[in-house]
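Just so you know, these numbers come straight off a predicted model, no measurement behind them. Whatever order the structure lists ligands and atoms in, that order sets their numbers, starting from 1.
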Amino acid sequence: MTIIDRSRRTLMTFGSLTAIAAVGTPLLSACSKDSDEKEVGAVEDLMREHGVLRRALLVYTETVPKLRADAGSIDASALNRTAKLFQDFGEEYHERKLEEAYIFPKVKQAGGPAAAYVDTLLTQHQRGREITQYILNATASGHIGTADAEPLARAFEGLVLMYQNHAAREDTIIFPAWKNALSGDELQELGDKFEDIEKAQFGGDGFENAVKQIGDIEQSLGFADIAQFTPSVPAH
Ligand SMILES: [Fe+2]
Ligand SMILES: [Fe+2]
């Protein structure tokens, strides 16, 4: 059994707690450095948020050929829920409340090669919001009209290509530069602040909830079993 203590951004096993309780050690000491605590740092938090968004992008990618083959057979409400998740969790929380408020200003102030990316990343946030709004509108009625099929397919292709590049650069260039620009204490402090923002935004654990939502969407569209994405060996 696993207990997640979000207030300390830690995760510990039930076994370690019962062992400590058995020898009469106060519960609080279970969170000392000697326990099984596993801290979720600010950068890990940001990167796993990208993981949720990548799963939304995979839904879009899988939908493109279906749009071109038989748009009427697509569950538009599942696509609408995907776009709403991308908007609420990706655009309004991850991008606006974390990256635009804390990450990008610090990276820009620190200068260097990473700082040169910031203006383009901001432009891409804005373009992503416009495309997501288009997807929400095109899927709002619960079915996809013939005239919307090709423009929607192109919107998915454009958003996926942009955001795959965007998140990959953030993971490998922007987040490491941000981490380098902070002291250990500042990083810890901001990690706690991000958790407060997450709670204020979602009234609970936004990440856990987002993972559940994308899992439900994948289930309803038949994408839950990832074995279907294992390719066959190339022919010689
Ligand atoms: Fe971003
Ligand atoms: Fe991001």
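To the nearest 0.5 Å, the span separating CD on Q201 from CZ on F194 amounts to 13.0 Å.
For the pair R169 and Y117, the cation-pi criterion (under 6.0 Å, within 45° of the ring axis) is not fulfilled.
Restricting E170 to its N/O/S atoms, the shortest distance to the Fe ion (ligand 1) is reached by OE2.
Across every non-hydrogen atom of T82 and A56, the tightest pair is CG2-CB, 3.7 Å.
For a distance bound of 2.8 Å, the N, O or S atoms of H94 include one lying that close to the Fe ion (ligand 2).
Within a 6.0 Å radius of CG in D70, other residues, nucleotides and ligands contribute more than 12 heavy atoms.
At the Fe ion (ligand 2), the vertex angle linking OE2 of E99 with NE2 of H50 is 130° (nearest 10 degrees).
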